[in-house]
Novice: 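Handing you this structure, nothing more for now.
Counting starts at 1 for both ligands and their atoms, in listed order. As the structure is a prediction and not an experimental result, all values here were calculated from the model.
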Amino acid sequence: MKKFALALFLLSFGFILAACGGGEETSGGSGGEGESGVQETTIKFSHVVAENTPKHQGALAMKEYIEKESDGKITVEIYPNSSLFGDQDEYQNLVSNNVQFIAPDLSKFVGNNPQFNVPSLPFMFDNDEEAIAFWDGEKGQEILSSLEGDGVLGLKMWPNGGKHVTNNERPIDSPDDFDGLKFRTQGGQVLEAIYSTLGAGSESIPFGELYTALDQGVVDGQENTFSNIESKKFDEVQKHMTVMNHTRVDYAIFTNTDFWEGLNEETKAIVEAGVEEGTKVAREEAISLNEKAYELLKERGEVEIIELTPEQVEVFRTELQPIYDEFEEEIGADVYEAAREAAGQ
Ligand code: LMR
C-alpha cells in the first residue's frame with residue numbers, strides 16, 4: 001500500500017513539473033534559433049508619450065496582433081508616459097536589451113548620426129505622406145540602419161506630424177516675435193540653428209520633464225504636434241500657439257539585434273507581422289488623432305491660437321533657408337536630394 005502511494009505521489013509530482021515547464025519562458029528572446037513552435041516570450045515596449053497618441057495606438061495594435069497570433073505565448077507589455085524609461089535612458093536600455101522596442105522621435109538621435117536631423121529641416125515635408133516616402137525610401141532606410149553598430153535595428157518609420165510653436169510671452173506671427181525667447185527642443189543641431197536664426201535661445205529637455213519646465217518658466221515655449229500638446233496638457237501652462245508646421249515629429253520602431261536574432265522563425269514571423277500591423281495603425285491614425293487634438297485645444301480655449309497666412313509662412317521659410325547651406329555637408333547633399341524628391345520639390 002505504501003509503495004503504491006509513493007508511486008502515485010512520484011507520478012503526480014512528475015506531472016506537475018512537466019506542466020510547469022511546458023515552454024521555455026524567455027524575456028527579451030533568449031530562446032535561441034532552431035527551436036520549433038512559438039517561444040514563450042515577454043516583450044517590453046517603452047515610450048514617453050500619452051495613450052491618446054499615434055505612437056501608443058500603434059503600440060497597442062502591435063500588442064493585440066502579437067498576443068492573439070501567438071495564442072498568448074508572447075506577451076507585449078507597453079509602458080507609456082516615460083513610466084519605464086524616459087528620453088535620457090531608453091536608448092541605452094534598448095542596447096542592453098532591458099527593453100525590446102522603443103519608438104523615439106528621430107531627431108533625438110542626431111548625436112549618433114546628424115542625418116537624423118531630417119525631420120527638423122525647416123518646411124521640408126508638408127505632410128505625413130511625404131515624410132513616410134522619405135523614410136521608406138533608400139536614403140531613409142540607410143539612416144535607420146545606421147545604429148547597427150550599437151546592436152540596434154531600425155524597423156519601420158511611424159509618423160506623428162507637423163510641429164507647432166507654443167509660448168507664454170506673446171503671440172507669434174513673424175520671425176521678430178521670437179526675439180529673446182527661450183524654447184525647449186527635442187535636441188539637435190538643426191533645431192538649435194532654427195531658434196538662433198530667429199533670435200531665440202533653446203535648450204533640450206526630456207519630454208517627461210517638459211510640463212514642469214514650462215510651468216516653472218525654465219523655458220518660455222516649445223514646439224510639438226497637436227496630439228502631444230493636447231495629451232500632455234501643455235496648453236494649461238502656455239498662453240499662445242502658432243500653427244507653423246515647420247518641423248516634424250517622426251519616429252521609428254527600433255529593436256535590439258540580439259533579441260531579434262534570438263527569435264526562432266515562427267516567433268519572428270509573428271513579431272514582424274505585429275510590427276507591420278502597428279505601423280499600419282500608427283500611419284492611419286496619425287492625421288486624425290492630430291486633427292482631433294487640434295479641435296480639443298480650440299474647445300478648451302486655454303491658448304490663443306494663431307494660424308499663419310501663406311504669406312507669413314513664406315517669410316519664415318525665407319528666413320530659415322540659410323540653414324540648408326549650413327548643414328549640407330554634415331547631413332549630405334544626397335539626403336537633401338532624396339528628401340526633396342519625397343516632398344515632390
Ligand atoms: C518630444 O520630446 O517633444 C516628442 O518627441 C515626444 C514624442 O515621442 O513624441
Novice: When rounded to the nearest 0.5 angstrom, what distance separates NZ in Lys239 from CG in Asn167?
Specialist: 9.0 Å

Novice: Tyr91 and Phe109: aromatic ring centres closer than 6.0 Å?
Specialist: yes

Novice: For Phe183 and Phe178, take the angle between the two ring planes, folded into 0 to 90°, and tell me which bin it lands in: parallel under 30, tilted 30 to 60, perpendicular over 60.
Specialist: tilted

Novice: For the residue pair Trp158 and Phe45, categorise the inter-ring angle as parallel (less than 30°), tilted (30 to 60°) or perpendicular (more than 60°).
Specialist: tilted

Novice: Just checking, is any N or O donor in the side chain of Glu276 or Tyr65 under 3.5 Å from an acceptor N or O on the other one?
Specialist: no

Novice: Ignoring hydrogens and angles, tell me if any N or O in the side chain of Gln39 forms a donor-acceptor pair with the backbone of Asn264 under 3.5 Å.
Specialist: yes

Novice: Enumerate the pairs of nitrogen or oxygen atoms, one from ligand 1 and one from the protein, separated by less than 3.5 angstrom; state names and distance to 0.1 Å.
Specialist:
unit_1, atom_1, unit_2, atom_2, d
ligand 1, 2 (O), Lys108, NZ, 2.6
ligand 1, 2 (O), Arg184, NH1, 3.4
ligand 1, 2 (O), Arg184, NH2, 2.8
ligand 1, 3 (O), Arg184, NH1, 2.7
ligand 1, 3 (O), Gln186, NE2, 2.9
ligand 1, 3 (O), Asn224, ND2, 2.7
ligand 1, 5 (O), Asp105, OD2, 2.6
ligand 1, 5 (O), Lys108, NZ, 3.3
ligand 1, 8 (O), Lys55, NZ, 2.7
ligand 1, 9 (O), Asn228, ND2, 2.9
ligand 1, 9 (O), Tyr251, OH, 2.5

